[in-house]
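Numbering of ligands and ligand atoms starts at 1, following listing order.
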Amino acid sequence: MQRLFFTSDPAAALSEVLAEMAPEGRIFILADSNTATLCLPVIEAGLKSCEPEIIVVSEGDANKDLDSLAAVWSSLSGRGATRRSLLINLGGGMVTDLGGFAAATFKRGIRCINIPTTLLGAVDAAVGGKTGINFDGLKNEIGVFAPAETVIVSSEFYSTLPPEELLSGYGEVLKHALIDSPEALAAALTVDPAGALPSELAPVLEKSVRIKQEIVAADPFEQGFRRALNLGHTAAHAFESLAMSRGKRVAHGVAVAHGIIVDMVLSKLLKDFPSETLHCVSTFVREHYPAPEFDCSDYETLISFMRHDKKNTSSDHINFTLLRRPGAVEIDCIVDTKTITAALDLMRDLLGV
Ligand code: GLY
């Protein structure tokens, strides 16, 4: 199982992890143009004895592509990496996905550590072993399951993130809590995502990452139960696609927070999900998150995006992950368009749109 390290001092944690791993080859760090300046200095003290080689790629998901991957491979090759080298991925999901894939494929695989520097990266991309790149206009089209050996999670990185980034990460925190239990959900609903101190965020963050790790351990290659992690995502991907079609962007986890409300309404309609929980979570999302930007005239387009979601096995079937209650998940639920339309209406009412 992936080793998780929760800390308020990522440099000290890294130093300890490196001492334990005792890599025999040269150490490389992959950062993006932001994390190279903002986050590398935070972990530098943990690298004192090893003089790492730094590889920097341009930031942003648009650069999670074949060119960046080739640049990482070339840097590893050109700067003397061997099969015994270690790659430390320092960044958000773009860096851990790209670096994880580069590490898994360079000389058929070298060791790797993830140090997520965004909340979204910590609760989602850095844990669970999904690595890869975008290709031919399709997100995460090429990749492998290859878990980083160790993930160092520190809420210290997140206190300087803009509110939208914190809200985005927290969308996945809400998702994990709903999948896990009423207790995890109650704890998650006590934190102000964009205003919490690192010390307030840390326990909820740790619980969230551990929930994901447990789900992944039960189904590492997404043959079944790991699909629980798709909660909120059918609608979320449609909201992201709608925004993109208008030249706008909605942060992934913000779309997930909105998507979760759609899935809870569907769960209420189809699985008798408790009304009280639906109202508590909707109130939290309404109070902390920006309102979703669509109206009734967008339903057809949204449903068409949902039809083309890659989770569907046929374009006639729109697939959702639903809940009987927090902690009781049902994967692969096929929902008809009339019910989805009703859920979009009710979701907008609940969020006061
Ligand atoms: N992002 C969901 C998963 O790792 O399966």
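Note on residues 59-88: no pairs pass ring pair (Phe, Tyr, Trp, His ring centres under 6.0 Å), not counting sequence neighbours. Identified under the salt bridge (charged side-chain N to carboxylate O under 4.0 Å, His left out) test for residues 176-187, with sequence neighbours left out: D180-K207. Pairs engaging residues 154-171 under the salt bridge (charged side-chain N to carboxylate O under 4.0 Å, His left out) rule: E164-R249 [sequence neighbours left out].
In this structure a side-chain-to-backbone donor-acceptor pair under 3.5 Å is present from H258 to P290.
Checked against the 6.0 Å centroid threshold, H252 and H233 count as a close aromatic pair.
A distance limit of 4.0 angstrom between heavy atoms and ligand 1 selects the residues D124, K130, K212, E222, R226, L229.
Between F284 and L174 there is a side-chain heavy-atom pair separated by less than 4.5 Å.
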